[in-house]
Amino acid sequence: GGCAQRRRRKMAKTAVLAALLGIALEMGPCTALPRRPWRASRGYPGPRERGVAPGPGNGEGQGYQYGGSSSEKTFEQWLDHFDGANTATWRQRYFVNASAFASNASFAPVVFLCVGGEGPPLTADVVKTGEEHCALMVDLAQRHGALVVALEHRYYGKSVPTPDLSTDSLRFLSAEQALEDIASFHAHISDTYGLPARARWVAFGGSYPGMLAAWSRSKYPHLFHAAVSSSAPLRAVSNMYQYNDVVARALADRDVGGSPTCLRRVRDAFVEIGGMLGSMTGRATLGDLVGACGGKLDMEKEGAGALVADAASGVFGVQGNDPSCTEEACNIEKQCAIMVANITLSPLVQLAKLIKVSNGGKCVPIDFASEVASPLLNTTVEGGTERVWFYQTCSQFGFYQTCDPYSQCPFVRGMGVDTLDSYYRLCGLAFGINGSTTEARVAAANIDFGGLEPGASRVLSVNGDVDPWSALSPRTPRPGMPAFVVRGASHHFWTHPARPTDSPEVVRARKRIGMAVDRWLALPSAE
């Protein structure tokens with residue numbers, strides 16, 4: 001989705017912060033350049049016993065009249081669900097749309113939950129149109145008379161439970177806490193709307209919210225009847241070399257406008273970049289070619305070469321590929337058209353043209369102080385949003401998109417660029433988390449959640465075959481867990497609002513998801 005794409009751009013910049021802060025590297029200004037980890041945005045405290053349903057916390061109460069309101073609401077949520085001695089609470093945002101809700105007591109009511117995740121603040125549209133993650137869910141709600149609800153994830157959007165984003169404050173940010181938030185929210189909505197225990201809840205989400213949707217079903221089968229998990233990397237890994245392997249395959253895929261020639265020229269262009277980053281003359285020439293901000297001497301500032309290399313690789317936003325986009329160089333087909341337009345020219349010359357087109361003619365920023373250091377080290381709620389998802393990668397998931405020599409990555413490989421260690425150094429700089437700790441926590445996450453085998457039933461996994469995140473998501477059916485791959489589709493493209501230009505594959509995917517939900521809701525509410 002759009003937020004995932006924006007996050008990938010931001011994380012590439014943070015990945016080279018190590019250079020700015022004086023970490024020793026082999027090639028001077030050609031500093032560490034990891035790829036971006038993606039993307040790329042609650043229960044009134046009753047008795048402190050786990051499993052006790054919280055009561056209403058925002059004045060809604062039993063007298064609430066069902067209607068179509070989707071105004072912003074909040075409820076009181078525990079800061080720490082796992083420390084019974086910690087009684088701190090905060091207000092978590094959510095939205096409700098009851099316009100289609102059939103609340104008859106003669107049957108089991110249906111509730112559709114749009115799970116919030118990393119990204120900007122949720123708006124009322126999340127339960128009206130569904131926006132990028134839940135548009136299909138909102139459409140299906142009409143068919144099933146479902147109550148539509150959406151919960152904003154802690155620390156994203158306007159649901160920030162602490163006064164700042166310091167490392168000490170971020171210790172309350174984890175998938176486990178988020179899942180407990182969801183369980184508490186379930187109790188709050190059930191109490192507010194007088195829902196019976198037999199109500200059938202279905203969780204929907206794409207990307208990280210898709211992970212949480214699947215885990216809501218696996219962790220709380222007595223609360224959630226089913227889940228639709230789109231483009232969700234359920235298996236955590238530190239070294240996600242697979243991401244750029246899929247990028248390479250997509251650039252060669254004729255079905256989405258790529259070609260083997262395009263991939264070859266992209267590879268050759270980055271070989272040229274790698275060579276130029278190794279010398280002062282080469283860096284100055286490269287800066288001029290791609291339109292770096294400042295003069296030739298600015299390319300000798302710490303990390304400048306890495307930001308230029310990032311601008312080059314960042315134009316290939318495969319995970320957000322939209323075949324019907326109309327802007328210049330906005331998808332794989334149009335990017336490859338530029339790369340192969342004149343094969344008598346150097347691939348790097350064509351890539352430089354692509355960079356300038358993608359940047360709208362603006363120069364490529366190479367000032368690490370403003371582009372990298374300040375956002376990553378800013379611990380204020382208003383200015384420190386780039387820290388939040390990065391903290392989750394360091395403390396739980398990894399997902400570091402490397403460009404290792406043994407991989408199929410089409411960008412700069414080796415030479416200290418795009419390495420796992422560069423990410424680990426940043427985790428240490430930003431949060432005091434070292435690589436060994438990250439690896440241990442990634443392993444623990446897979447044990448806790450099950451990786452590709454979460455041990456759940458009625459969880460549908462859907463992936464796009466040109467989405468790099470599909471490499472860590474279930475692509476084939478498992479017992480109780482149906483799965484399928486959408487040919488030619490990028491990151492949870494089928495969860496977006498429907499458009500006339502959608503491919504037949506995306507249209508069929510929505511129908512298959514709808515049929516699965518139909519089957520599950522025909523079953524009685526049971527674990």
Side-chain angles (χ1 to χ4, degrees), residues 1-8 37-41 95 112-120 122-123 125-127 129-141 148-153 156-157 175 178-179 182 202-217 224 226-235 243 246 317-322 389 392 397 399 454 459-475 481-486 488-499 502-503 505-507 509-510 512-514 516-517:
C3 65
Q5 203 70 3
R6 289 190 293 272
R7 181 168 55 259
R8 289 184 68 238
W38 111 85
R39 357 251 351 158
S41 208
F95 294 87
F112 285 172
L113 168 64
C114 180
V115 180
E118 80 297 11
L122 296 182
T123 71
D125 283 341
V126 73
V127 292
T129 67
E131 298 182 321
E132 288 191 348
H133 286 267
C134 294
L136 176 59
M137 181 198 80
V138 171
D139 290 343
L140 293 175
V148 175
V149 296
L151 180 66
E152 191 168 65
H153 194 295
Y156 293 101
L179 288 167
I182 290 172
V202 182
F204 292 78
S207 198
Y208 173 49
M211 297 160 63
L212 295 175
W215 295 336
S216 294
R217 169 61 183 162
F224 287 90
V228 178
S229 175
S230 295
S231 298
L234 297 184
R235 181 167 71 92
Y243 186 99
V246 178
V318 168
Q319 77 175 47
N321 188 62
D322 180 358
W389 177 250
Q392 290 197 258
F397 299 130
F399 292 146
V459 175
L460 173 61
S461 292
V462 187
N463 283 280
D465 74 336
V466 298
D467 176 20
W469 292 98
S470 66
L472 301 182
S473 180
R475 292 170 60 97
M481 290 187 61
F484 66 90
V485 176
V486 185
S490 55
H491 203 51
H492 63 83
F493 200 87
W494 50 93
T495 69
H496 298 189
R499 298 181 302 183
D502 289 337
S503 69
E505 291 79 11
V506 168
V507 173
R510 293 189 180 115
R512 290 183 68 175
I513 294 169
V517 173

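Note: hydrogens, waters and symmetry copies are ignored here, and every other heavy atom, side chains too, is used.
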Excluding sequence neighbours, so at least two apart, what forms salt bridge (Lys or Arg N to Asp or Glu O under 4.0 Å) with Glu505?
Arg508

Going by the rule salt bridge (Lys or Arg N to Asp or Glu O under 4.0 Å), which residues pair with Asp502 if we only count those two or more places apart in sequence or in a different chain?
Arg499, Arg510

Partner set under side-chain contact (heavy atoms from CB on, under 4.5 Å) for [X], not counting sequence neighbours:
X	result
Pro468	Tyr243, Val246, Val247, Val318, Gln319
Cys114	Val126, Cys134, Met137, Ala150
Ser230	Val228, Val462, His492, Trp494, Thr495

Could you list the residues that satisfy side chain to side chain donor-acceptor pair (under 3.5 Å) with [X], not counting sequence neighbours?
X	answer
Glu131	Thr123
Ser473	Asn463
Ser470	Arg475

Kindly give the heavy-atom pair with the smallest separation between [X] and [Y], and that separation in Å.
X	Y	value
Pro209	Val115	CB-O, 3.2 Å
Gly464	Val485	C-CG1, 4.2 Å
Ala483	Pro474	CB-O, 4.0 Å
Ala227	Ala213	CB-O, 3.3 Å
Phe224	Ile182	CZ-CG2, 3.5 Å
Val149	Val127	C-CG1, 4.0 Å

Between Trp215 and Leu234, is any pair of side-chain heavy atoms under 4.5 Å apart?
yes

Under 4.5 Å between any side-chain heavy atoms of Met211 and Ser229, yes or no?
no

Geometric class of the Phe399/Trp469 ring pair [parallel <30°, tilted 30-60°, perpendicular >60°]:
perpendicular

Kindly assign one of parallel, tilted or perpendicular to the pair His496 and Phe493, based on the angle between their ring planes and the thresholds 30° and 60°.
tilted

Output for pair (Ile513 CD1, Asp139 CG), nearest 0.5 Å, gives 11.5 Å

Roughly how far, to the nearest 0.5 Å, is OH of Tyr208 from CZ of Phe397?
5.0 Å

Determine yes or no for a side-chain-to-main-chain donor-acceptor pair under 3.5 angstrom, with Ser231 supplying the side chain and Ser207 the backbone.
no

Can a donor-acceptor pair be found, under 3.5 Å and without considering hydrogens, that links the side chain of His491 to the backbone of Asp467?
no

CA sep, side-chain torsions, deciding dist, call: Leu122, Tyr156, side chain to side chain contact (heavy atoms under 4.5 Å, CB included):
CA-CA 9 Å; Leu122 296 182; Tyr156 293 101; over 6 Å; no

Taking salt bridge (charged side-chain N to carboxylate O under 4.0 Å, His left out) as the cut-off, I'd like each qualifying pair that reaches into residues 204-215, sequence neighbours left out, listed once.
none

Please walk me through it: do Val517 and Phe204 pass side chain to side chain contact (heavy atoms under 4.5 Å, CB included)?
CA-CA 11 Å; Val517 173; Phe204 292 78; 4.2 Å; yes

